[in-house]
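Small disclaimer: the values here were computed from a predicted structure and weren't measured. When reading the values below, keep in mind they use all heavy atoms of this one structure, side chains included, and skip hydrogens, waters and symmetry mates.
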Amino acid sequence: MKVCGGPLPSSLCAWVVLLILVESGEPYRTPYDQEQGQNSDRDRERTDSRLDTMTDTRTDTRDYHRDASEVRGKECQRCCDPGEEIRTQSSNPQYPQHYPQYQAVPQINITILKGEKGDSGQRGPYGKSGKSGQSGPRGPNGIKGTKGSIGTPGDPCKSQYAAFSVGRKKAIHSNDYYQTLVFDTELVNLYGHFNMFTGKFYCYVPGIYYFSLNVHTWNQKETYVHVMHNEREVVILYAQSSDRSIMQSQGLMLELEREDQVWVRLFKGERENAIFSDDFDTYITFNGHLIKPKSEG
């Protein structure tokens with residue numbers, strides 16, 4: 001090559017050729033490089049479309065199932081930089097890149113499938129009674145009620161009494177048999193419970209009674225009498241013979257039932273038995289009265 005009528009050096013020619021190649025903007029590629037580039041472009045587009053699909057699937061569905069058989073043995077792929085080509089497992093273009101498959105599991109809203117409320121069923125049998133609980137605290141006092149009406153009058157109080165006091169002014173001497181001491185002076189005889197003819201007190205009000213007997217002994221003679229309850233000797237009044245006469249007394253309490261009898265009897269003995277008295281003064285007395293009726297408990 002000649003410029004300006006003279007030959008150009010060889011180094012200058014090399015620089016001119018390189019400049020022409022750079023200005024053209026299209027590097028020279030072999031057929032294999034072109035096919036490899038087309039495959040890379042297709043892989044990048046497929047990756048972008050799958051990323052968009054995965055994003056939409058995550059938004060609509062919460063649960064995903066991944067096929068572990070396809071994932072096992074795979075290497076992590078860098079797909080964030082769109083300017084870089086995604087590396088394939090093999091540089092051989094005959095084996096395209098495989099990606100894990102995702103399956104979207106739909107969720108069913110049960111409230112949508114809920115039907116209308118059915119009719120009430122029949123009442124079941126009663127269960128067994130449970131154990132009784134502890135007593136609760138006492139509640140507050142209620143409001144005071146109104147005053148009630150006056151009731152019917154009751155029976156009058158029935159007080160029961162029985163009392164007697166009798167005496168004897170005549171002296172008495174015993175004989176060869178038991179002798180009932182009969183009194184001739186009536187001091188008190190309430191309701192006539194003491195019979196002056198028989199010399200006995202008859203019980204018409206059952207209960208507890210008190211009795212007392214007072215006699216005047218006769219000098220040089222023996223005094224020997226019993227207070228009798230029905231036919232049973234209860235207590236004795238006794239005084240030995242002496243040169244002087246004295247007053248003797250005896251007292252007791254008896255529980256009587258209705259129609260019981262209490263009386264005084266002279267005892268029959270070997271010696272003469274006598275009680276002193278005269279026609280002017282009362283030396284012998286027999287008394288009794290009710291202390292507590294049996295009806296009062």
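- Looking at every heavy atom in both residues, K170 comes nearest to I284 through O-CD1, 4.4 Å.
- Between W263 and H229, the ring center distance fails the sub-6.0 Å criterion.
- Sparse packing is recorded around CD of E259, with 12 or fewer heavy atoms of other residues, nucleotides or ligands lying under 6.0 Å away.
- Between S241 and K221 there is no side-chain heavy-atom pair separated by less than 4.5 Å.
- Hydrophobic clustering (side-chain heavy atoms under 4.5 Å, transitive across Ile, Leu, Val, Met, Phe, Trp, Tyr) groups V205 together with L256.
- Under a hydrophobic-cluster definition in which Ile, Leu, Val, Met, Phe, Trp and Tyr are linked whenever side-chain heavy atoms come within less than 4.5 Å, directly or via other members, F286 and L237 are assigned to the same cluster.
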* Check the pair K294 / E255 against salt bridge (charged side-chain N to carboxylate O under 4.0 Å, His left out), numbers first and verdict last. => CA-CA 9 Å; K294 188 177 181 178; E255 183 175 2; 5.6 Å; no
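- Side-chain heavy atoms closer than 4.5 Å link hydrophobic residues (I, L, V, M, F, W, Y) into clusters, and following such links, possibly through other members, connects V225 to V234.
- Under the 3.5 Å distance criterion, with hydrogens and angles disregarded, a donor-acceptor pair is assigned to the side chains of Q220 and D243.
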* Candidate pair R168 and L181, rule side chain to side chain contact (heavy atoms under 4.5 Å, CB included), full reasoning -> CA-CA 9 Å; R168 182 182 176 96; L181 182 58; 3.8 Å; yes
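- At distances below 3.5 Å, at least one donor-acceptor pair connects side-chain atoms of S277 with backbone N or O atoms of K169.
- The hydrophobic cluster containing L266 also contains V166, counting ILVMFWY residues as joined when their side-chain heavy atoms lie under 4.5 angstrom apart, directly or transitively.
- Ring geometry for F211 against F164 counts as tilted: the plane angle lies between 30° and 60°, on a 0 to 90° scale.
- Using cut-offs of 30° and 60° on the angle between ring planes, the pair H193 and F201 is tilted.
- Annotation: cation-pi geometry satisfied between R265 and Y178 (NZ/CZ under 6.0 angstrom from ring centroid, within 45° of ring axis).
- No hydrogens or angles considered: nothing links the side chains of N219 and S245 as a donor-acceptor pair under 3.5 Å.
- Nearest heavy atom pair, residue Q160 against residue S295, reads OE1-OG, 3.4 Å.
- Side-chain contact between Y161 and P293: absent, with no pair of heavy atoms (C-beta onward) separated by less than 4.5 Å.
- How far CD of Q261 is from NZ of K200: 4.5 Å, rounded to the nearest 0.5 Å.
- Within the 4.5 Å cutoff, the side chain of N214 has no heavy atoms near those of the Q248 side chain.
- In this pair, H226 and F267 present their aromatic rings perpendicular. The plane angle is above 60°, beyond the 30 to 60° band.
- You'll find the side chain of M253 reaches within 4.5 Å of the side chain of I208, heavy atoms only.
- Between F276 and W218, the angle of the ring planes goes over 60°, which puts this pair in the perpendicular group of the 30/60° scheme.
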* Given side chain to side chain contact (heavy atoms under 4.5 Å, CB included), test F194 with S165 step by step and report yes or no. => CA-CA 9 Å; F194 190 90; S165 180; over 6 Å; no
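- In this structure, Y202 is not a member of the same hydrophobic cluster as L252, with clusters built from ILVMFWY side-chain heavy atoms closer than 4.5 Å.
- Of all non-hydrogen atoms in R138 and N141, the two that sit nearest each other are NH2-OD1, 4.3 Å.
- If you take CD on Q250 and CD1 on I236, they are separated by 9.0 Å, rounding to the nearest 0.5 Å.
- You'll find the side chain of H173 stays beyond 4.5 Å of the side chain of N273, heavy atoms only.
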* To do: Kindly determine whether V264 and T180 satisfy side chain to side chain contact (heavy atoms under 4.5 Å, CB included), including the steps that lead there.
  => CA-CA 6 Å; V264 180; T180 303; over 6 Å; no
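- The backbone N or O of I246 sits less than 3.5 Å from a side-chain atom of T217, completing a donor-acceptor pair.
- Here the shortest heavy-atom pairing between Y209 and G207 reads CD1-O, 3.7 Å.
- Under the 3.5 Å distance criterion, the side-chain polar atoms of D278 are matched with a main-chain donor or acceptor of F280.
- A distance of 10.0 Å separates NE2 of H216 from CG of D281, quoted to the nearest 0.5 Å.
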* So V215 and Y283, side chain to side chain contact (heavy atoms under 4.5 Å, CB included) or not? Walk me through it. -> CA-CA 6 Å; V215 297; Y283 288 90; over 6 Å; no
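- Within 6.0 Å of CD on E296 lie more than 12 heavy atoms contributed by other residues, nucleotides or ligands.
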